[in-house]
Participant: 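Submitted below is the structure of interest, expressed as structure tokens.
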Amino acid sequence: MNRDKRHLIEVRELYKCYWVGSVPYPALNGVDLRVQRGEFLVIAGRSGSGKSTLLNCLGALERPDSGQVRVCGEDLGAWDDDRRADFRLRHLGFVFQAYNLIRVLSARENVAYVCQLQGLHRGECMERADYWLEQVGIGYLGYRRPDQLSGGQQQRVAVARALATGPDIVLADEPTANVDSKTGRDLIHLMQDLNRRFGTTFLIASHDPAVIQAAGRLLRVEDGRIQGGGVTYRPPRPLGLVCPRPRRPLWERLRLKWREHRRRH
Amino acid sequence: MKTVVLWIGFRNLTGDPRRTLLTVSAIAVGLAALVFLWGFNDGLHRNMLGNFQSTLVGSLQIHRQGFFSNPELARHIEKDAPILAALKAAGVGRWTRRLETYTLVASDSATEGSFLIAMDPRTEPRVTRLGEKVTQGRFFRPGDEYVCVLGAASARNLGVGVGDSVVLVAYDRFGALTAEDFRLIGIVSGGGLGIDRGLVLTPLGAAQEMLDMQGRITDIPIWVPPERLETVTGQLRRALAGRDLEVLRWYDMFPVMHEWVTLHNAFLYLFLGIVLLIVLAGVVNTLLVSMLERIREFGIHLALGNRRLGLFVMVLSESLWLGLAGIAAGVLGGIGLVALTAHTGIDLSLLLGDTQRFYVDPLVRPHLDLRHLGQTLAAVLGITLAAGLYPAWRASRLSPVEALRHV
């Protein structure tokens with residue numbers, strides 16, 4: 001138990017598989033991972049290696065097929081959607097590849113929104129938004145809407161939004177993929193700086209060399225397995241166990257049975 | 001669920017202002033049309049029922065129990081003091097006294113069975129506007145004795161004119177046949193109002209004397225504003241309970257008029273339903289298209305920690321804001337149109353020719369009944385909210401990851 005508490009994130013034997021029709025695509029194939037508070041961890045890997053799925057499972061956005069995910073001492077496995085949403089709101093910040101700002105809100109409203117969801121007073125949320133926009137270097141752009149900002153500026157707003165609620169962990173999925181290399185480097189330096197100054201844990205999934213170079217610790221993911229980073233390697237399970245078929249709706253099952261019946265006869 | 005989602009729902013409508021404007025306009029135009037139609041309808045009914053009541057009937061009448069269905073002089077009101085006290089207590093100031101019975105009107109050349117209404121010349125104008133219907137001669141004045149007023153058709157049938165004499169023959173209070181000579185001083189004509197034929201009017205005093213009814217009357221017609229009718233009726237019924245009296249509203253006496261108005265309103269409710277269906281289809285379409293275009297955005301909301309219920313309320317609030325904006329614009333437009341046409345009037349004579357047989361003045365002035373306005377607003381708001389239910393439910397069922405992957 002004490003050992004668990006030392007780690008902000010502890011993942012054991014995590015499996016996740018996607019189905020396209022009747023074809024299984026294993027995304028995570030027995031991942032074990034431990035992350036300590038304050039780390040600046042980069043998860044590197046090619047497209048389709050499973051790093052985004054891992055981030056989604058850690059971010060309580062996706063349910064693994066099996067395995068245990070403990071984040072901030074909480075086991076996310078059995079939680080319902082609302083509890084997961086609350087957990088994301090209280091403990092996690094997200095930075096997405098495509099910025100994912102809310103287009104009808106200004107930069108400061110985007111940042112303030114998550115604070116308002118936490119139940120803070122609007123005035124306090126706006127103060128926080130101004131503070132964090134200042135911290136990411138775009139305090140003067142607070143009243144602009146996302147379509148009036150460049151890609152780099154939008155991503156800075158997303159970083160400010162991720163930090164505004166005071167999360168334990170910021171999960172960033174390919175944060176530099178949609179910006180030019182200089183802006184990408186600036187963003188990474190910004191996140192490093194924030195990590196050092198505020199002690200926030202950063203988990204960044206990326207295949208950008210600049211990001212990989214900046215990693216405090218680097219994990220490589222390949223075919224749904226972590227290849228390094230001091231995590232025990234486990235041989236993959238047989239496919240049948242790794243990818244349990246999801247329970248389909250009754251109508252879908254009947255339709256498939258009918259199709260199979262027609263094919264046979 | 002935080003109230004910020006309501007604000008975000010409102011802001012979402014600014015994302016595509018043209019679509020929002022079109023939807024709000026559709027709701028507003030539909031509502032304005034409905035408000036105007038209700039205004040026209042209510043104005044028409046007000047005019048019609050007002051004319052009907054002010055011609056002869058009044059808003060309500062007090063008789064001895066059973067007199068209205070069987071108007072015999074034996075069912076007369078002996079002492080009206082308790083009734084007048086009850087009227088005073090109810091705050092009713094516009095009442096009159098009448099004596100009504102069947103009679104035979106005879107001229108030199110013809111006779112006609114008629115209904116005799118003897119009225120008090122001083123108090124009758126408080127309740128009815130019969131005096132305004134006199135087309136020849138004049139109406140009663142205080143001090144008139146054995147004079148009468150006939151309907152135009154009756155006068156024509158009897159071959160009499162103003163200044164001629166007619167004999168009224170009737171049974172008196174004791175059942176004895178009595179007859180008196182009356183001088184015709186006026187002829188009333190109401191077009192199609194039903195007063196041209198079979199009606200003879202006399203001053204109350206002369207009829208009481210002729211029918212041996214000194215000081216006695218058969219009914220007390222009363223006028224009250226439509227909005228006080230039910231209250232006053234209730235008060236009078238309570239005050240006069242146990243006195244062998246009946247307090248009848250105009251529609252208790254002539255239910256056909258009331259049923260006609262109810263039927264007419266039912267048509268409008270049907271029309272309201274059709275307009276609501278169109279509004280429903282329009283808003284569902286807008287919200288559904290808007291929802292399908294913003295699946296990724298809903299994914300962001302969910303990923304950031306908004307609960308499913310919060311997202312549901314957020315999308316539903318979009319229909320609420322659309323509805324409120326549409327209602328505000330529609331009410332302004334509709335009330336403006338009602339006010340304008342109430343000022344100018346709508347001339348129905350071109351369309352209907354003679355409108356008097358419907359108790360309607362040719363120039364109708366729309367008037368909006370607040371009850372109908374409230375019902376219409378509530379229905380439009382309800383239907384716009386209902387239109388948002390399905391898109392809101394679909395948005396709230398999205399998986400955050402799949403929604404974020406949506407292009």
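Numbered from 1 within each chain, the chains take letters A, B, ... in sequence-line order.
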Participant: Got a second to check how far A:Y113's OH is from B:R11's CZ, nearest 0.5 Å?
Facilitator: 12.5 Å
Participant: Which answer fits A:E109, side chain, backbone, both or neither, if we ask what part of it has an atom under 4.5 Å from a heavy atom of chain B?
Facilitator: side chain
Participant: By a 4.5 Å heavy-atom criterion (distance strictly below it), what part of B:L404 contacts chain A: side chain, backbone, both, or neither?
Facilitator: side chain
Participant: Measure the spacing between CG of A:D82 and CZ of B:R308 and express it to the nearest 0.5 Å.
Facilitator: 8.0 Å
Participant: Counting N and O atoms only, with roles assigned by atom type, does the side chain of A:R122 sit under 3.5 Å from a partner on the main chain of B:V4, one being a donor and the other an acceptor?
Facilitator: no
Participant: Over all heavy atoms of both residues, which pair between A:A98 and B:R296 is shortest? Give the atoms and the distance, please.
Facilitator: CB-NH2, 2.9 Å
Participant: Please flag which part of A:L101 lies under 4.5 Å from any non-hydrogen atom of chain B: side chain, backbone, both or neither.
Facilitator: backbone
Participant: Side chain, backbone, both or neither: which part of A:N100 has an atom under 4.5 Å from a heavy atom of chain B?
Facilitator: both
Participant: What distance do A:N110 atom CG and B:I300 atom CD1 have between them, rounded to the nearest 0.5 Å?
Facilitator: 8.5 Å
Participant: Please classify the contact of A:A60 with chain B as side chain, backbone, both or neither, using a heavy-atom distance under 4.5 Å.
Facilitator: neither
Participant: Kindly compute the distance separating NE2 (B:H301) from CD1 (A:I102), expressed to the nearest 0.5 Å.
Facilitator: 3.5 Å
Participant: Would you say A:R145 and B:T14 make side-chain contact, with heavy atoms under 4.5 Å?
Facilitator: yes
Participant: Should we say atom CZ of B:F10 is surrounded by more than 12 heavy atoms from elsewhere, each under 6.0 Å from it?
Facilitator: no
Participant: First locate atom CZ of B:R307, then atom CZ of A:R83, and finally report the distance between them rounded to the nearest 0.5 Å.
Facilitator: 10.5 Å
Participant: Please identify, among A:L89, A:L61, A:V104, the residue contributing the most non-hydrogen atom pairs under 4.5 Å to chain B.
Facilitator: A:V104
Participant: Which members of residues 161-174 of chain A, sorted by number, sit under 4.5 angstrom from chain B on a heavy-atom basis?
Facilitator: A:R161
Participant: Of the non-hydrogen atoms in A:R88 and B:P400, which two are nearest, and what is the gap between them?
Facilitator: NH2-CG, 4.4 Å
Participant: Counting only heavy atoms not in B:F267, do more than 12 fall under 6.0 Å of its CZ?
Facilitator: no
Participant: Which atoms of B:L304 are under 4.5 Å from chain A, going by heavy atoms: the side chain, the backbone, both sets, or neither?
Facilitator: both
Participant: What part of A:F96 is in contact with chain B, defined as an atom under 4.5 angstrom from a non-hydrogen atom: side chain, backbone, both or neither?
Facilitator: side chain
Participant: For B:R405, does the CZ atom sit with more than 12 other heavy atoms under 6.0 Å from it, leaving out its own atoms?
Facilitator: yes
